[in-house]
Every structure is written in structure tokens, then in C-alpha cells.
Amino acid sequence: FLRMLEKGLVYKKTGTVNWDPVDQTVLANEQVIDGRGWRTGALVEKREIPMYYMAITQYADELLAALDTLPGWPERVKTMQANWIGKSTGVRLAFPYRLTDKVNSSHLPSQGEGRDGGGVSTTGLLWAFTTRPDTIMGVTFCAVAAEHPLAAYAAKKNPALAAFIDECKRGSVIEADLATMEKKGLATGFFVEHPLSGEKIEVWVGNYVLWGYGDGAVMGVPAHDERDFAFAKKYHLDIKPVIDVDNKTYSTDAWQAWYAEHGRCVNSGNYDGLDYRAAVNAIAADLAGKGLGEKQIMWRLRDWGISRQRYWGTPIPIVHCAKCGDVPVPDDQLPVVLPEDCVLDGSGNPLAKRADFVNCSCPKCGQPAKRETDTMDTFVDSSWYYTRFACADQTAAMVDERVNYWLPVDQYIGGIEHAILHLLYSRFWTKVMRDLGLVKLDEPFARLLTQGMVLNEIFFRKPDAGRVTYYNPAEIEIGLDANGKRTDTTLKADGQPVQSDGIGTMSKSKNNGVDPQSLIEEYGADTARLFMMFASAPEDTLLWNDAGVEGASRFLKRLWSYCEKFDGRRRDGGAKIAPELKKAALFEVHSVLKQANHDFERHQFNTVASAAMKMLNALDRVDGVDADMEECLGILLRILAPLTPHIAHQLWRDLGYGEDVLAAAWPAVDETALVQDEIELVLQVNGKLRGNMRVAKDADRAQIEQLAMQNVNVQKHIGGQPVKKVVVVPGRLVNVVV
RNA sequence: GCCGGGAUGGCGGAACUGGUAGACGCACGGGACUCAAAAUCCCGCGCCAGCAAUGGUGUGGGGGUUCGAUUCCCCCUCCCGGCACCA
């Protein structure tokens, strides 16, 4: 943190948070989304507070480009990250304005870096970013965020506007909430100039314009932007089409998807007839010539606000001194240690109430000072814990040389819910550690497996006042009627009803997790493992239900008793095995092995489990022991070892295959066992299954076709109609088209 | 709302490159064993009609491409994950 601070990769600025005005605390997202009475009656307000930020945007380019260097990552995760980083190219342009009365600088608060520094002057520029500069001649309004200085300026003599701005400053800052809320706006009565036409354009305040993205202002082109279209319809603003797509006819009655497509400029003066590319270039050049715009790359990714008003994060090592300002805690006074007897009462940051923690002296001047009480987002810790695993005993440094030997992590496994935040922060942090000379890696995780979510039903009660209580599904009694339909849900403990909140991810906060310990105690670890692996492939979401666990248990018991029987037959000298039975068993075991190998590679362990079951079924059909059967059982135990290591290890040993099943070579598919003299072909008429037939494995096309046409069922369904075509798929089917 | 993923019997799921939909299990029904039960073993099991042979129908809904679509294309519905302070 301190090295990043020195390099400008950590900086301080104000950030917007959800604020609980009753308890005077920062609300967690969950408390806002849930809205289920964590703080009853609380309104959510937006509030600006000072925060420390990590400059992840400085790495946006590399984080995006390096996704191509990660072949071991699932495509869907890479797509999500690319969208999240959100590189878009467009034009940043300015609408000049002139203030109609004399103002001083306090009317136009500082707007931060890169923004319109309107300041004391009576002329200014309203900056906005667009990805569709080709539609610039269709601008009929501009909209600014409620926090924008021009909004504040216009509100000075407009109480209605001031009230609206106030209203906008209430409500959640969560992106999902902003996107779904009703789009509202209010005209300011203030006008700016169109940068190319000079036309007067009215400025509106819109609750959907984000102060945190770009310049906090957008140009409104209702004709070609769906959101602007809806806004213009609602407030009866002009809709001016300026793009023609394949001579389609534009109508302002209702939005059509093609309105947003690229096309040729029309109704755009000098730019008429230009296609998208040409128009963007021409318009960008004209704007640049006037000093009112330029091409720009915009990123969706924002810098990472790491300050949290929580107890349980890493303390931010800063001391606030009245004289010296924010002073970093010197290295020899690190680490800042949290008090271990804090009372977590849910109201605000408990650290702030601890005078013994807060009061300190300034490391610079020695005068009394206040310690920073915000802690770091715990994502900070999860961004680099794995580097410590490579050098856990290192106490003198953050990491040492061994990291470069062990990392990157060969196979990382985590829930798909981490696809963006954790996995992006970790990538960022790795690159920062590299640039600080701490590691020699570009990426932390070579291969990634993202588990699907395990879901379970959520049950809760909400008392009239106070917090929601969540109950574990194990504590719930579900009443069913004669048709198996649910009638009621009650808590076993008191027989009183509870409500269902549907299905959701297992989580501590929703108390809908399942403890595998009870399964392990009842059935053993192997059964618990086999059951869970058999339930679905690891990347799929799964609704938890332990109804099938008996099947896994039964299989392992069957395996055990088969092995005892097998060993007994060995001692008895083994009966003669019918050759066709043995051939069938070998064919089954080896073709299943082939499938299982493929499934292992693609991490589809549920079908590996079913492969083991199929093998046991095949072996059980043969009553006798010989070298081939010995080999087949060995194959079964070997492929089972990764799924149920304990029983596989024990049986492997007991049957004398060797010491350690996991050390044994992986079995090879015997291709000769897969050769069949005859193969079965499916017979279809007009694509419908009408029977099947056996043919020699080397039968040629003509023979197959002839045999198929002779088939009774085929003839019956042809019914004397002329045959148009016969499709023969070798090894699979014959389809007669009539 | 945006981004990502998904939907197949009563249930979990299978079907690798478009080629027998429902593998393997669970549940259920029938039978064997047992005084009885449990455990175990055998048989059946998408839906509709039929004693059966068999026929029709069927992979969330609608359309398309194809000799043939769970698989490819277009549109829609619903569900799950993420949306930056749950971590």
C-alpha cells in the first residue's frame, strides 16, 4: 500500500457511498438490495466521503490485452472481464456556453482532473463523451448528472430544480438500481452551443447520468439512442434522425432496434452521405480544429475504492495530523495492529469509537494525531494470499524469490461469482507487484476452473420490527398435500410458519448452506465425494438435494463385495469364462475407459463416476477370473482413485495390485478390445427410426444400402412410394427419403 | 436494465465433431429371499393410445436451415450468477 502510494498507484479522493441517515453509517450493498429491514424505515442516501483508491485503470489496457495470454481460462470469464473493462472508442467533445450573470468560483465547484474547469470565467465548456460522434448533428439536448456544477449553477435561481437535484441525490448508488429506476429529468433553462452547428441546446439534469463515468454529462441524440429516445418521448423533446440505414423509413412513433445501427449520415450538412468511419473521422477533425473535441478511448473500468468502514480489514497505515496532513506510517512502525476486543454492534465502524486506537502521535512532527480508522477491502488480501503460500515462513519481506519458482498457480479453482472482481483484482495486483519488483510474473493463475454455484432454498422470518432472521433448510419442515404439492413451510423448532425467499447461492448471510460433515459422518468421505461429483459437472450450477446419496453408498458397497467375491474366485482357481461374455466385458470396459479419459480432461467428473458404475456392471456380468478380468478390475480401481481415494487405495492394496493406487500408471485403452466383427446400423425412413440391422464391420456402401432396402420395416414405411434419396452414414445409420 | 450462463422423464443428469434422446443413478411399481422387516438380487419405468405387436408424440415457447436438430440460425419466456461497500 505504501509503495503504491509513493508511485501514485494509491491516491485519495471522495467517493460516493450508500448512506444510512438514521444510523449515520455506510450501508453495505446487501442492506440496500435486500431492503428487508436491516435498518427499518431507513432511507438510502448518497454521500461523498474521502476514500483511498487503487489505480487499476492505469492497467486497463494490459488487463484487457493479456486476456489473450490465458488459454487455460474459460471463455465466459474472459468475456465477462473484457466487458467489465469495457474499452470504447469515441470522441470527447465540448459544448461552449456563456454564463448569463456574474458568478464567483464558489458557484462552480472544482470539477476534478480532466473536467470542465469552468471556474471564475463567464464562458465555459460542457464536456461529454460519445461513442457515436457520427450522430452529433442529431443532438437535441444535453443531460448532466445531479452532481454536475452546471446543475448546481442553474439551481441557484430555480427552487424546483434544486429540489429535483436533491431528490437525485437520494437513492442507491448501485448500478443495478440506477439502471432499473425510472428515467427522470428536469430542464435547467440553461443553454449551451452545439460545437459544430452553433445551435442552442438546452441542458437537462437527468437522474440516469452518472457523475462517476466520463464527464458526468451526455449529449442527447433521441433518434439513435434508445435511452435518449425514451427520455425525449417523455419530455416531448425533438427527435432528429441523422442516420439512414438501408433506406428504411424512420418513424418517431416507437423505438426500433435498427435506429441504433450504423449507416450513412443524412440531414447532417457537410457530413451527408458519409458512412460511420468517414463521419467519425471528419467530425473528430472538425472538432479538433475548433479545439472542441478529440478522439478518445474511454474505459468502463473505474479505479478501485478500497476504504471500508469495517473492523475486519487490513488497517490503512495512515495517520492524520492537523499540521502535516495525511502521513504514512513509517515501515518500522508497521504493522498497524487492530484492537482485538472491539464490540461489533452493527452501527458504524467500531474502530472509530476506540480512542486507544485512534489517538496517536504524528510520525513526522510528533504532535497528537488521529489514526485512520478505515480498513482495506478484504479483496485486497485475497488479491495476493497465494503468493504467501509459496513463502509462508518469510517474516522479513512481503514475498521472496520462491514465489517465482512456484507461481503462477497451475490450477486455480473458485466459484463463478468471482469471475470479475476477485479474479480481476488479483490480476491487477500481480502486475503491480511485478512493477514494484516483488515478483517476476505477469499473471497469477495459469488455468482456471470456475465452479458453478450450489443453490439451496432460502427461508426467513421478518418480524414487524428488527432484522430478518434466516433459517437453514435443515431446520424447516415442508408440508405436502396428496399430489406432492407444497402446502406450508414451518420451523421444526416451534411449528410456526416461515417464508421462502426462493432459490439462491449458499451463503452465510442467507443461512442456506449445507455442512458436508453430516454426510461424511453418516456415509464416509468417499461416499460424500462420489455423491457430490456424480450430481453434476463442476462448472454447472446445482440445486442442492441429498436424495441421491444412497446410490453412491450402494455403489461403493457393491464394489467392495464384488472385490471380495473376486478374491474368493481367485483362490478357488477361477471358473472358465465364456468367450463372448468376456469379449463383451472387455469391449465395455475399454470403450467406457476411452470416454472416461475424455471426461477427465474436460473436468466432467459426473460421467467419470458413471463410467466406473458401468464398468462394475460389465464386470459383474462375468463370473470368473483370469488375467483380462484382473486387468479390467485394475482399470476400474485406478479411475476411481481420484474420486474415492480411500476405498480405491485399500482395495488396490488388498487385491495385491500394488502399494499405492495413485502412484500407478494411468490405464491405456486397448484398441483391439474395441474392434467388433459386426456393427449395428439404425434404419430410418424420412428421418424417423424404423428399425435396425447388423452388418459386417467392413460392409461397403452398396451392400449396406441393399440390405437396408430389403428390411421389412423399411419396406413397410416406404409403402411403394418412389425413393428419392438414400443417406448412408458409415457406422451409424441409413436414412431412406421418400 | 446491462453483461455472463442455463432450461432435457417424478428427480440429478447423459448424448464427445448435426445421426437410435433419456446413458449412469435416485425415486417409484412388480417379483425373489425372509415368520416379518431391513439389506441384497431380478424385472419394469418419458407421455398418449393399445392385451400386445405397434403407432403417435416428445429436449422451456415460436419460427427457420437440413435427408435428419437437445446440438446450427432468428425471435421470445423464465431461472441462476455478476453489476464495483456481502466478500
key: Pairs satisfying side-chain hydrogen bond (donor to acceptor under 3.5 Å, both in side chains), at least one member in residues 680-691 of chain A, at least two apart   = A/R690-A/H717
request  = For RNA chain B, find the residues of residues 450-457 of chain A with a heavy-atom distance under 4.0 Å and give them by number; none if there aren't any.
outcome  = A/M453, A/L455
query = So which one's nearest nucleotide on RNA chain B is more toward 5', A/R554 or A/A179?
reply = A/A179
key: Stems where RNA chain B pairs, listed by first number, each of three or more Watson-Crick or G-U pairs under 3.5 Å   = B:1-7 with B:77-83, B:10-12 with B:24-26, B:28-32 with B:40-44, B:46-49 with B:54-57, B:60-64 with B:72-76
task = Under the ring-ring contact (aromatic ring centres under 6.0 Å, His included) rule, collect the residues that match up with A/W312, sequence neighbours excluded.
result = none
Which pairs, protein N/O on one side and nucleotides 22-24 of chain B N/O on the other, fall under 3.5 Å?
from, atom 1, to, atom 2, distance (Å)
B/rA23, O2', A/K614, NZ, 3.1

ask   = With A/D225, which residues qualify under side chain to side chain contact (heavy atoms under 4.5 Å, CB included), at least two apart?
value = A/R227, A/D228
Below 3.5 Å is the cut-off: list the nitrogen or oxygen pairs between protein and nucleotides 52-55 of chain B, distance only.
from, atom 1, to, atom 2, distance (Å)
B/rG55, OP1, A/H717, NE2, 3.2

query = Looking at residues at least two apart in the chain, or sitting in another chain, which of them share a ring-ring contact (aromatic ring centres under 6.0 Å, His included) with A/Y311?
reply = none
message = Looking only at the side chain of A/Q604 (C-beta and beyond, no hydrogens), which of the listed nucleotides B/rA15, B/rA84, B/rC85 gets closest?
response = B/rA15
query = Quick one: does NZ or CZ of A/K184 land under 6.0 Å from the six-membered ring centre of A/Y208, within 45 degrees of the ring axis?
reply = no
message = Which residues pass the ring-ring contact (aromatic ring centres under 6.0 Å, His included) test with A/F531, not counting sequence neighbours?
response = A/W544
ask   = Residues two or more places apart in sequence or in another chain: which of them pass ring-ring contact (aromatic ring centres under 6.0 Å, His included) with A/F129?
value = none
Can you pull every protein N or O that's under 3.5 Å from an N or O on nucleotides 3-6 of chain B?
from, atom 1, to, atom 2, distance (Å)
B/rC3, O3', A/N83, ND2, 2.9
B/rC3, O2', A/N83, ND2, 2.9

Pairwise N/O distances under 3.5 Å, protein to nucleotides 67-76 of chain B:
from, atom 1, to, atom 2, distance (Å)
B/rC67, O2', A/N735, ND2, 3.3
B/rC67, O2, A/N735, ND2, 2.5

